Amino acid sequence: MRHLVYIASFLPQVGESLASFGDGTPAPYLDFGSDGTFGVRAEVATRTFLQDCDREAVEQAHARLVRQSAAVIAAVITGPVQAAAWQHVPSTYVVCAQDNGTPAAVQRVQVGRATHVVEVATGHHPFLARPSVVARLLLDLT
């Protein structure tokens, strides 16, 4: 069985880009360096993405923060989508109701494009904060 699961995601139509969903300004939690890289600002990562995670999960997440080439994000954000699998494959959109990174109101704009919608009372990373909830969701799909 094939089934897509989107967690606090964007589901652009063919021809849209991620820039279609914003106002053109970079997210305030991103740090663009003069060396052509970007990353998530560590000092805001917890309150933006990990506020409902336990200390160990937060520490492990911070240990994995790395910078990436800014060229990658530019291509992903401005490049138009060439195919949208959600149009052909059953999908579930998971709204993270307490998400500080992608607010629930922004997520709810996307839900009409998914086949099913589930809302969970978590922040941006439910697979870290409440892995049993995500596991149950995935098991219920089979």
Side-chain angles (χ1 to χ4, degrees), residues 2-87 89-142:
R2 295 183 328 158
H3 193 101
L4 302 171
V5 178
Y6 296 94
I7 299 176
S9 300
F10 291 95
L11 282 71
Q13 296 271 9
V14 172
E16 288 181 327
S17 69
L18 290 182
S20 306
F21 301 106
D23 62 7
T25 60
Y29 49 79
L30 294 179
D31 169 45
F32 289 88
S34 59
D35 62 351
T37 65
F38 80 99
V40 173
R41 293 177 32 220
E43 67 273 14
V44 298
T46 300
R47 73 174 177 260
T48 304
F49 299 112
L50 306 161
Q51 81 276 10
D52 58 341
C53 294
D54 64 34
R55 193 184 80 188
E56 182 180 352
V58 170
E59 289 172 359
Q60 289 180 6
H62 278 267
R64 289 175 174 80
L65 289 176
V66 296
R67 299 188 69 76
Q68 301 179 60
S69 169
V72 171
I73 198 168
V76 169
I77 298 226
T78 60
V81 168
Q82 302 298 311
W86 57 266
Q87 293 176 331
V89 178
S91 59
T92 295
Y93 191 103
V94 180
V95 175
C96 299
Q98 298 168 354
D99 191 340
N100 293 333
T102 307
V106 173
Q107 295 174 57
R108 289 184 188 112
V109 172
Q110 303 299 309
V111 300
R113 295 179 174 182
T115 312
H116 306 284
V117 178
V118 175
E119 189 154 328
V120 295
T122 68
H124 193 76
H125 295 301
F127 37 85
L128 297 176
R130 305 216 19 232
S132 61
V133 170
V134 177
R136 175 56 33 207
L137 169 79
L138 296 174
L139 290 170
D140 287 348
L141 294 176
T142 59

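Everything numeric in this text was worked out from a predicted model, so none of it was measured.
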| task | Answer yes or no: are there more than 12 heavy-atom neighbours, outside E56 itself, under 6.0 Å from its atom CD? | result | no
| query | For atom CZ of R113, is the number of surrounding heavy atoms from other residues, nucleotides or ligands below 6.0 Å larger than 12? | reply | yes
For the atom pair [atom1] ([X]) and [atom2] ([Y]), what is the distance rounded to the nearest 0.5 Å?
X: L65; Y: Q60; atom1: CG; atom2: CD; result: 12.5 Å
X: T122; Y: F127; atom1: OG1; atom2: CZ; result: 9.0 Å
X: H125; Y: D52; atom1: NE2; atom2: CG; result: 9.5 Å

| request: In sequence, state the C-alpha distance, the side-chain angles, and the governing distance for R136 and V133, and then conclude on side chain to side chain contact (heavy atoms under 4.5 Å, CB included). | output: CA-CA 5 Å; R136 175 56 33 207; V133 170; 5.9 Å; no
Considering all heavy atoms, the nearest [X]-[Y] contact:
X: Y93; Y: S9; value: OH-O, 2.6 Å
X: G79; Y: S17; value: O-CB, 3.3 Å
X: R2; Y: V89; value: NH2-CG2, 3.4 Å
X: V14; Y: A83; value: CG2-CA, 3.9 Å
X: C53; Y: L128; value: SG-CB, 3.8 Å
X: P131; Y: A129; value: CD-C, 3.6 Å

| Under 30°, 30 to 60°, or over 60°: which ring-plane class applies to H116 and H3, parallel, tilted or perpendicular? | parallel
Would you check if the side chain of [X] reaches a backbone N or O of [Y] as a donor-acceptor pair within less than 3.5 Å?
X: W86; Y: Q13; answer: no
X: Y6; Y: V111; answer: no
X: Q98; Y: C96; answer: no
X: R67; Y: D31; answer: yes
X: N100; Y: R47; answer: yes

| Checking side chain to side chain contact (heavy atoms under 4.5 Å, CB included) for the pair F10/T102: CA distance, chi angles, key distance, verdict? | CA-CA 10 Å; F10 291 95; T102 307; 4.1 Å; yes
| message | Assess, by modelled atom type and distance only, whether the side chains of T46 and H62 contain a donor and an acceptor separated by less than 3.5 Å. | response | yes
| note | For residues 91-108, the salt bridge (charged side-chain N to carboxylate O under 4.0 Å, His left out) pairs (sequence neighbours left out) are R108-E119
| Is I7 close to P126 at the side-chain level, that is, under 4.5 Å between some pair of heavy atoms? | yes
| said: Using the side chain to side chain contact (heavy atoms under 4.5 Å, CB included) definition, which of the options L4, L138, L137 pairs with T92? | reply: L137
| task | Starting from the C-alpha separation in whole Å, work towards a yes-or-no answer on side chain to side chain contact (heavy atoms under 4.5 Å, CB included) for V40 and F49. | result | CA-CA 10 Å; V40 173; F49 299 112; 4.1 Å; yes
| request: Using side-chain contact (heavy atoms from CB on, under 4.5 Å) as the criterion, list what pairs up with A61, not counting sequence neighbours. | output: L50
